[in-house]
Each structure stands twice: as C-alpha cells, then as structure tokens.
Amino acid sequence: MESQLVPEEQQTAGNGNCNKSKGGGDSVDRHCATCAILIPSDRVKKCGKCGRRAYCSRECQAIDWKTKKDEGKAHRSQGHSRWCGLSYGEEDLDWVVREKFDPSSGASLGLGVFAKRFFPSTTRIMVDTYHGHNFALSGDIIKDTFAIMEAVGPSKHLAHNCNSNASQILLKDLNDVMVIYSKRDILPDEEITINFLTYGDLLQSIVDPDTMYGPFLYSGCLETFADCRRILESRFNIICPSDCFCRDDEMDKLINASRKAMAALREKEDSLERNPRRLVVNIMMEDLQNLLKSMDKIGVSGMRKAIYLGLAWRLCVQQRKTLERSRQFVKEAYDIYLAILHPKSSDVKAAEMFLKYPEGYDRYLWFDR
Ligand SMILES: [Zn+2]
Ligand SMILES: [Zn+2]
Ligand SMILES: [Zn+2]
C-alpha cells in the first residue's frame, strides 16, 4: 500500500489566549518530531490525522510519515503512518528533554528525559528511529552492538540506570523503530531511564507490512551485572556507584540461575513437541513460576518477561485444570504486547482472542479431553 501524506492542520496565530487547536490540546510550543527544532505555538503544524505529532514543516512531516528507507541515505523516519493514532507519549506534552544538575554541587549532569505526567507500568512512552545495523541474532556481533547510541531522536538523551524504570526494544524490519516503554509506574517529573545493556532486545518481524500479521522473533542477552559493569565502563565511561542496584552479588547468582532455567525450559519445550507428557508440563510450570519471580527481582525488560509469560500461557492451555490460570499470564503478556507492538500484530490479536473466547482453546488441550 502506498503511504500518503495527510494534510497539515491549519493553525491560527496565538493571540495570548489558551486556544484549543483543531487537533485537540492546548496551544503550546512543541519540538518538531523529525528535526527536533523548537516551534513556537503559533507555528506548530500537527499531523492532520491524529492531531498529536508536531512538525516544523511539510518536508519534516513527509520524512516522518514514510515507511520506506531511502537507498543509501541515513533515514530519520519512524514511519508515523504505522503509528499514527496509536497512543504513546509526544514530546513537550508527555515528556521533556532538559538539563539536569547535581543537587549538592549544582554541576551540570547533561541532558535527560523527564516525565511530564504519570506513566503507568507498561505504557508506550516514545517511538523513535535508530540507525540500523546488520544484527546477528546470536553470538558476539550482537554483544558488540549498542544500537541505543545510534538513536536518531530524543531517545538518545535517555540516561542509563541499572534499575531503570523503562525499557527499549528495537523493531527490526519495521523501519528500524525503537520503542521506549515503562517497566514500572513513572511519576511526573521523574527521569525516564533505560538499561543500556539490554542491547540484545530485538524483535525481528516477519510480517505483512500492511496488516502487521505474522510472527515476531525475539532475541536478547541476559548478562550478569558484573559483565554489564565492565561494558558500561569501557563503552560508556559509566561507573556504577557503590550502592548501585547491580552491586548485589545475589543478583548475579539469580541471573545465572535464570539463564540456566531458560535454557532448560527451551529444551523441555522441544521434547514436549515430540512427546507430550503431563509430568513434564507440571515441572515446567513450577520452574516458570520461579523464573518469572526472579525476572521481577532482576528487573528484566518487559519483552523478555512476555516471552516466558507466553510460554506459561501455552502450557496452561494444555490441561483443563490449569486453563483458568492461563488468564493471568495472558493478561500480563497482553499489557506488554500492547505497549510494544502494533494493535494489529498477531501476538496482540491472539491474546485478545483468548481473553474473549477462552473456551475456543479447548481444542488445544493435550490432556483431560
Ligand atoms: Zn522539522
Ligand atoms: Zn498522526
Ligand atoms: Zn549499576
């Protein structure tokens, strides 16, 4: 489908009163979603379709709207045509990039991104562009790739925190889009932070570009915090304070145990494909419950958790006695999918379908038919 430009909204010059614009919202200064230039309130042009995303010019709107990369050109577009009308934060309305200062010395600590409103847990905060790399889905190449440093827009001002309140995920093949979403509740004026070292969080989509149907392949690394600190220091010149979240040795034990548990679960899942056994399912369910608890303590990204919530869901629907329990897993995964993925994506649709018609899953029961 050919993407088309929607007309810019005609704005009337501000006269000092708090005019409502046609697109909704008060008349305020904004930053261009493409070139980040400050636009005075009377010069703001907004996407005519959703009335939320702001531009300095028609050229910038055209760049932001398109979904195809220019050959050989570094692109700046996140393909707004795909995200238009979906809910997520907008610069200068929901969050702001500003300088921060050390409370004791008053020294500048550089720029940061701050929430202007309350973001409940698993809310999409920002959709941004990054310059793509040739990712390898495993091995050293991905470990050596810090896509966050290649962010094009405001997400490049997000600071690192080992116990971050938000996560980033790269959507590869979807115009190299980076989605920032809250991992827990974020209060107004709180700095929005991400963990730079969840760099492996990548969704490779094999989707129909128009309908968004198709599977998403997830990859990610779960490094120990000791490894993370080494990389943080050598790559970003960040040295964690002595009381940092990551300096608890129990955390690394938990991470190592989680990595083993994840590998074991994958192995058992493969064996189930060949030979469905109720005993194996029951053991996996117990291991999964423990793994999900550990993940909360470690503070893993939402998408990693969603992968294992999805596995718990698949296992629960195989026995009548656990069918009801699957609702809790689906609900939790659904919230995460909604924050990250397009509402038309197959994962979101599947979760919605289950929550609406759980009885339809009877045919998937392996046991107790
Ligand atoms: Zn612009
Ligand atoms: Zn729009
Ligand atoms: Zn740390």
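Both ligands and their constituent atoms are indexed starting at 1 by order of listing.
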(message) Please check this pair: side chain of S164 against backbone of H160, looking for a donor-acceptor N/O pair closer than 3.5 Å.
(response) no
(request) Could you please compute the angle at the Zn ion (ligand 3) from SG of C246 to SG of C240, rounded to 10°? (result) 110°
(message) If I take the Zn ion (ligand 1) as the centre, what angle separates the SG atom of C60 from the SG atom of C32? Nearest 10 degrees is fine.
(response) 110°
(message) How large, to 10°, is the angle at the Zn ion (ligand 2) when you draw lines to SG on C47 and to SG on C50?
(response) 110°
(request) To the nearest 10 degrees, calculate the angle at the Zn ion (ligand 2) involving SG of C84 and NE2 of H80. (result) 110°
(message) Which residues end up grouped with F114 if you chain together Ile, Leu, Val, Met, Phe, Trp and Tyr wherever their side-chain heavy atoms are less than 4.5 Å apart?
(response) V96
(request) Give a yes or no answer on whether the side chain of R229 reaches the backbone of C246 with a donor-acceptor pair at less than 3.5 Å. (result) yes
(request) Indicate if the distance from the Zn ion (ligand 3) to the nearest N, O or S atom of C162 falls below 2.8 Å. (result) yes
(request) Go through the steps to decide whether E352 and F354 satisfy the test side-chain contact (heavy atoms from CB on, under 4.5 Å), and finish with yes or no. (result) CA-CA 5 Å; E352 256 164 18; F354 179 83; over 6 Å; no
(message) When you measure from the centre of the six-membered ring of Y308, is the NZ or CZ of R266 closer than 6.0 Å and no more than 45° off the axis?
(response) yes
